[in-house]
Amino acid sequence: MGTPARSGPSLAEARAWLAQGQRRLYAAGVAAAIIAVAIVVFLPSGSPVSIGRMQELIDTAYSTTGTHCAAAAHGRDLCHLKAERCEGTLLVAPTSSGHFTVVSSTPEQLDSSRCDKSEEGIGGFE
């Protein structure tokens, strides 16, 4: 019947391979890279403004009520406004705990004076 086939390197062979100085350094570097990638992937990006606060800021800045926002990529929020003279979607980026910047809007006229937004930055619009 013969000897059974080996399925892979043994623990002793792996330790012998890692015993050499450069290989240990290489293995440590690979392990550090894996840990760094895992940290970047699993940690939240941390927005300075909560979704609820962003909705309040946009409602105040655009003189509306009922704005609905959802988290988007890169720490931005996608917000939908629906008011009498102002309906559309804003992609906003918080700039501080009380201010935001409009990255884009659909339709483009959403950030115009037709929406009765505050012109003095009241409510956080910059």
Side-chain angles (χ1 to χ4, degrees):
M1 291 250 175
T3 58
R6 287 181 27 175
S7 62
S10 71
L11 184 59
E13 290 173 336
R15 284 184 182 163
W17 184 83
L18 287 174
Q20 297 177 3
Q22 290 180 336
R23 289 182 181 168
R24 280 188 183 177
L25 186 59
Y26 174 75
V30 169
I34 290 170
I35 291 169
V37 168
I39 288 172
V40 169
V41 169
F42 292 113
L43 283 180
S45 60
S47 171
V49 178
S50 70
I51 296 288
R53 178 70 175 136
M54 183 58 73
Q55 290 170 172
E56 292 173 8
L57 291 172
I58 291 173
D59 280 342
T60 302
Y62 283 85
S63 301
T64 62
T65 58
T67 298
H68 178 72
C69 296
H74 307 293
R76 296 178 177 170
D77 296 320
L78 189 62
C79 300
H80 181 70
L81 290 85
K82 186 171 185 177
E84 184 179 331
R85 298 181 348 176
C86 188
E87 182 175 352
T89 304
L90 294 172
L91 180 62
V92 296
T95 56
S96 70
S97 63
H99 294 85
F100 65 91
T101 300
V102 175
V103 176
S104 66
S105 66
T106 305
E108 288 185 27
Q109 297 84 7
L110 189 59
D111 60 357
S112 72
S113 60
R114 288 187 325 142
C115 290
D116 292 330
K117 72 177 181 187
S118 170
E119 295 297 330
E120 296 140 12
I122 298 172
F125 187 80
E126 287 186 337

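Quantities reported herein were computed from a predicted structural model and do not represent experimental measurements.
- Minimum interatomic distance between Pro94 and Gly75 (heavy atoms only, all atoms of both residues): CD-O, 3.3 Å.
- Residues Leu81 and Val102 share a single hydrophobic cluster, defined by chaining ILVMFWY side chains whose heavy atoms lie under 4.5 Å apart.
- Remark: Ala93 pairs with Arg76, Val103 by the side-chain contact (heavy atoms from CB on, under 4.5 Å) rule, at least two apart or across chains.
- One distance of note links SG of Cys69 with CZ of Arg53; it measures 12.0 Å at 0.5 Å rounding.
- Looking at heavy atoms from C-beta onward, Tyr62 lies in side-chain contact with Leu90 at the 4.5 angstrom threshold.
- Contact record, Pro107 with Gly88: CD-CA, 4.0 Å, taken as the closest heavy-atom pair.
- Under a hydrophobic-cluster definition in which Ile, Leu, Val, Met, Phe, Trp and Tyr are linked whenever side-chain heavy atoms come within less than 4.5 Å, directly or via other members, Ile58 and Leu91 are assigned to different clusters.
- Under the 3.5 Å distance criterion, the side-chain polar atoms of His80 are left unmatched by any main-chain donor or acceptor of Thr67.
- To the nearest 0.5 angstrom, Leu78 atom CG is 11.5 Å from Met54 atom CE.
- Evaluation of the side-chain contact (heavy atoms from CB on, under 4.5 Å) rule for Thr106 yields no partner, not counting sequence neighbours.
- Annotation for Gly66 and Asp59: closest pair N-OD2, 3.4 Å, computed over non-hydrogen atoms.
- Taking each heavy atom of Val92 and Cys79 in turn, the nearest pair found is CG2-SG, 4.0 Å.
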